[in-house]
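Written below as structure tokens is the structure these notes are about.
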Protein chains: 2
Amino acid sequence: MSEDQGKDRPSYHHGNLRQALIDAAVQLVEEDGPANVSVREVAKRAGVSPGAPFRHFSNKTALMTAVAEQAMARFRLEIVNAVEAVITDDPVDRFAAVGVAYLRWAIRNPTHFQIISTRSLIDWENSESLRRDNDAVRLLVEAAMLEARRRNLLQSNDIMETQIAARALVYGLARMYIDGHFAQWAIPGQTAEDTVQTVLKNYISSIRRAPITLPEETI
Amino acid sequence: MSEDQGKDRPSYHHGNLRQALIDAAVQLVEEDGPANVSVREVAKRAGVSPGAPFRHFSNKTALMTAVAEQAMARFRLEIVNAVEAVITDDPVDRFAAVGVAYLRWAIRNPTHFQIISTRSLIDWENSESLRRDNDAVRLLVEAAMLEARRRNLLQSNDIMETQIAARALVYGLARMYIDGHFAQWAIPGQTAEDTVQTVLKNYISSIRRAPITLPEETI
DNA sequence: GAGAAATGTAATCGCTGTTTACACTCCTCA
DNA sequence: TGAGGAGTGTAAACAGCGATTACATTTCTC
């Protein structure tokens with residue numbers, strides 16, 4: 001959070017209004033959800049007049065895009081850290097670590113995940129920052145998949161399709177959680193996060209090539 | 001569409017304003033997306049004053065819920081028809097048919113799918129109709145899964161988890177499409193719909209128990 | 001046919017995003 | 001050092017929004 005969110009400002013100029021507005025918007029997103037953020041309320045929290053934000057953001061979408069960029073940067077950082085924490089050099093394990101961290105972040109930051117995934121409140125196309133961070137995660141996954149294929153660790157050699165399927169599964173789980181579908185799909189005695197991670201774990205097992213074990217009789 | 005969307009109305013009373021409002025809302029959803037629907041524009045299209053809709057719907061959410069109910073009914077019908085069109089009595093094929101029809105409908109009715117899946121503009125909890133239609137589809141899938149397990153056609157006997165995984169995959173694919181993620185994930189020479197259906201097909205293959213083929217040498 | 005119930009209108013409220021004219025402050029350069 | 005423009009704030013206004021209220025008209029019911 002930035003220094004002064006309050007009303008009493010020493011000088012006429014704020015000093016760091018742009019970041020203060022982003023911080024206030026982040027706070028509002030967390031309190032009321034992305035759809036209920038208003039520029040006027042953001043301005044009020046930053047202690048400025050309703051028109052002030054438009055000196056720093058051309059419109060509301062630009063402000064929300066800035067919020068998304070900050071969220072996306074944190075998201076990327078968490079994914080990268082998770083992958084680097086993997087001890088073995090098994091690329092499928094690295095791939096799995098991305099999925100685990102992805103779901104973990106989505107579940108713990110549902111409103112921010114919604115902003116960067118739904119993309120209806122932001123200008124995705126024109127944000128270099130968003131695409132760069134998104135590509136970084138995508139390339140991390142792709143590198144793991146390429147190595148996995150090279151080392152013959154996957155059931156299927158079509159890694160593009162494997163990637164899309166895995167991404168769809170993970171994204172679907174995250175969105176089911178965020179959109180409230182797990183009210184109906186809960187497994188008794190498990191939290192939604194447990195369920196989600198279990199499903200992911202078993203999916204990873206299913207795409208990994210089974211070790212070749214000849215039937216005992218033939219030995 | 002209903003009869004008179006225009007302004008010139010024979011009598012003071014509309015006659016069937018409730019349905020006319022839903023129709024106008026559906027039209028607006030298709031034109032501008034769910035987020036850009038306004039009650040005032042809906043009223044204008046139905047040829048009534050801005051306050052009139054509130055005689056039939058307690059608020060905007062109630063109107064959008066009625067739109068969602070209509071969309072959900074059509075969605076359910078399409079799924080049921082697709083399953084009944086399956087010729088063999090293989091329950092895994094029935095299961096697959098639900099997925100195919102689900103994705104087909106979502107891709108061809110993206111805005112309506114968004115309304116019933118995101119649930120942010122509607123009152124899901126208090127709509128018996130929505131839950132009934134949703135349960136109908138869910139039970140269709142569950143029946144197929146139970147039969148598949150009974151006939152030992154699945155890799156895993158945990159059908160709850162298999163269902164969640166399959167649902168997550170299908171929902172994830174649908175949402176990736178709707179949220180515009182396929183701009184980055186397209187397979188060259190394939191439409192997004194082709195890709196989506198291919199991924200689904202291969203996933204279904206992977207959950208089906210492989211036929212037991214003994215190694216040739218042992219025969 | 002009278003009166004109640006249903007369903008329309010018109011006016012209004014407070015909220016929203018955004019723009020415009022204006023005010024203050026800071027930075028730069030002579 | 002001091003002038004002036006660039007940057008950044010305010011206040012007031014605009015149209016459009018969801019929603020409510022008072023009132024008008026029609027239809028239903030007995």
Side-chain angles (χ1 to χ4, degrees), chain A residues 2-25 27-29 31-68 115 120-123, chain B residues 2-25 27-29 31-68 115 120-123:
Chain A
S2 179
E3 65 284 12
D4 79 319
Q5 308 259 38
K7 310 106 222 309
D8 33 55
R9 195 160 70 252
S11 79
Y12 185 85
H13 283 156
H14 182 285
N16 193 12
L17 183 53
R18 189 188 153 88
Q19 188 57 46
L21 290 168
I22 296 175
D23 292 343
Q27 197 180 315
L28 270 171
V29 164
E31 286 175 22
D32 306 330
N36 298 325
V37 173
S38 80
V39 175
R40 298 178 99 99
E41 180 63 24
V42 167
K44 192 194 283 184
R45 297 223 178 173
V48 293
S49 70
F54 294 93
R55 293 281 177 208
H56 299 271
F57 301 98
S58 60
N59 51 37
K60 184 182 180 177
T61 299
L63 169 60
M64 294 307 287
T65 303
V67 173
I115 293 177
S120 64
L121 297 172
I122 65 178
D123 186 0
Chain B
S2 181
E3 65 282 16
D4 80 320
Q5 306 259 38
K7 308 108 221 308
D8 32 56
R9 194 160 70 252
S11 79
Y12 185 86
H13 282 157
H14 183 287
N16 193 13
L17 182 55
R18 190 189 153 88
Q19 188 57 46
L21 290 168
I22 296 175
D23 292 343
Q27 196 181 316
L28 270 171
V29 165
E31 286 175 23
D32 306 330
N36 298 324
V37 173
S38 80
V39 176
R40 297 177 100 98
E41 179 63 24
V42 167
K44 193 194 282 183
R45 296 222 179 175
V48 294
S49 69
F54 294 94
R55 293 283 178 207
H56 298 272
F57 301 98
S58 60
N59 51 35
K60 184 182 180 177
T61 299
L63 169 60
M64 296 307 288
T65 302
V67 171
I115 293 176
S120 65
L121 298 172
I122 65 178
D123 186 0

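Quick note on labels: first sequence line is chain A, next is B, and so on, each numbered from 1.
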B:Met64 vs B:Val29 side-chain heavy atoms within contact, under 4.5 Å: yes
Contact check, side chains of A:Gln19 and A:Ile22, non-hydrogen atoms, under 4.5 Å: yes
Sugar-phosphate, base or nothing in reach of B:Pro50, heavy atoms under 4.0 Å: nothing
Sugar-phosphate only, base, or nothing, as touched by A:Val42 at under 4.0 Å among non-hydrogen atoms: nothing
Short side-chain to backbone donor-acceptor contact, A:Thr65 and A:Asp123, under 3.5 Å: yes
Contact summary for B:Phe54 and B:Lys60, nearest pair of heavy atoms: CE2-N, 4.5 Å
B:Ala43 versus B:Pro53, closest heavy-atom pair with distance: CB-CG, 3.7 Å
Closest nucleotide among C:dT9, C:dG17, D:dT10 to the A:Arg40 side chain: C:dG17
Nucleotide of C:dT9, C:dG17, D:dT10 approaching A:Val48 most closely (side-chain heavy atoms): D:dT10
A:Gln27 and A:Asp23 side chains, donor-acceptor separation under 3.5 Å: no
Comparing B:Ser38 and A:Gly51 on DNA chain D - which has the more 5′ nearest nucleotide: A:Gly51
Comparing A:Arg18 and B:Thr61 on DNA chain D - which has the more 5′ nearest nucleotide: A:Arg18
Whole-Å gap separating C1' (C:dG17) and CD (A:Glu41): 15 Å
Nearest-angstrom distance from the residue atom CG of B:Asn36 to C1' of C:dG17: 13 Å
Nucleic acid contacts - residues 52-59 of chain B versus DNA chain D, non-hydrogen atoms under 4.0 Å: B:Phe54, B:Arg55, B:Asn59
